[in-house]
Amino acid sequence: MRKPLMAGNWKMNKTIAESADLAKALKSAVSDVSAVEILICPTFTSLAAVNAEIKGTNIKLGAQNLFWENKGAFTGEISPTMLKDAGCSFVLIGHSERRQYFGETDESVNKKTKAAFAAELIPVVCVGETLEEREKNITFKVIEKQVRNGLKDLHGDCAKIVVIAYEPVWAIGTGKTASPDQAQEVHAFIRKIYDDMYKGAGEQIRILYGGSVKPDNVSTLMQQPDIDGGLVGGASLDADSFTKLAKFAK
Ligand code: 13P
């Protein structure tokens, strides 16, 4: 059985005080949730303050990016061991905004994914097609390339615990959600490709859907057999809406 995972990607939002306030409100609101794993990913500057709020609760901490080296002359970067030190157990990798604005490639995604595992962080590897790619009918080709190249050469249990997030770029922050059928079709495809890469692991890994997930569409998305959770932007910035997502009804 795959335990659902509801993850909030706070992106570049909130001061340290605002982040701590949101974490505090969430921790009491979701303290009774045990059937769903809950993850929040604040900015780097807020990690320590959020960790102080949620340590020992049922909310896990994640970062939004990392660099693959552990220390040295890499000005401006944050290492996997630093994230671990800050209390993280997860890290987002290869979000479409990082691919689009910061030159992230499948190759860098693969290096970061392996570096995350080396520091005992669980990577949430993001994939997804643009509107142009969907309209050209190359969605499956694009996704297959991202999965095969971004997730190659994982060893042992790593292949079984990685999390993949399917986020169609055209659905992010636009209010346009992929229909449950559209999302399910791609999720099932990702699982098939992944199982071809790592025999038997396809059924074990969690595949999250991201792109305008809101309280009013979460249940229908989560009813799809291959959707194991959500990676949520806008609706994770408010305690009430993210609580509703964490408490979605099947
Ligand atoms: P929205 O939920 O705001 O569409 O963002 C999705 C996303 O990019 C999460 O990583």
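Counting convention: from 1, in listed order, for ligands and their atoms alike. Predicted model only: the values in this text are computed from it and were never measured.
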Aromatic plane relationship, F140 with F189 - under 30° parallel, 30 to 60° tilted, over 60° perpendicular: perpendicular
Heavy atom of G211, distance to ligand 1 below 4.0 Å: yes
Ligand 1 to G233 polar contact by distance, N or O atoms, under 3.5 Å: yes
Interfacing atoms of ligand 1 (cut-off 4.0 Å, heavy-atom, L231): 9 (C), 10 (O)
Heavy-atom nearest neighbour of atom 5 (O) of ligand 1 within options E167, E97, K11, K214: K11
Interatomic spacing from CD1 in I164 to NE2 in H187 - rounded to 0.5 Å: 9.5 Å
Region of N9 engaging ligand 1 - heavy atom pairs below 4.0 Å: side chain
G234 N/O under 3.5 Å from ligand 1 N/O: yes
Numbering as shown, the atoms of ligand 1 that approach S212 to under 4.0 Å (heavy-atom distance): 1 (P), 2 (O), 4 (O)
Test item, G210 contacting ligand 1 (heavy atom, 4.0 angstrom): no
Pi-cation contact, Y194 with R191 (under 6.0 Å, within 45°): no
Donor + acceptor pair across side chains of Q223, T220 (<3.5 Å): no
Contact check, S96 vs ligand 1, heavy-atom distance below 4.0 Å: no
Polar proximity ligand 1 side, V232 side, N/O cut 3.5 Å exclusive: no
Atom indices of ligand 1 within 4.0 angstrom of A171 heavy atoms, with elements: 4 (O)
Row check, W68 ring normal vs K111 NZ/CZ: under 6.0 Å, within 45°: yes
Short N-O contact, K3 and E37, less than 4.0 angstrom: no
Gap between atom CG of N149 and atom CD of E107 - 0.5 Å precision: 9.5 Å
Ring geometry between F67 and F74 (parallel below 30°, tilted from 30 to 60°, perpendicular above 60°): tilted
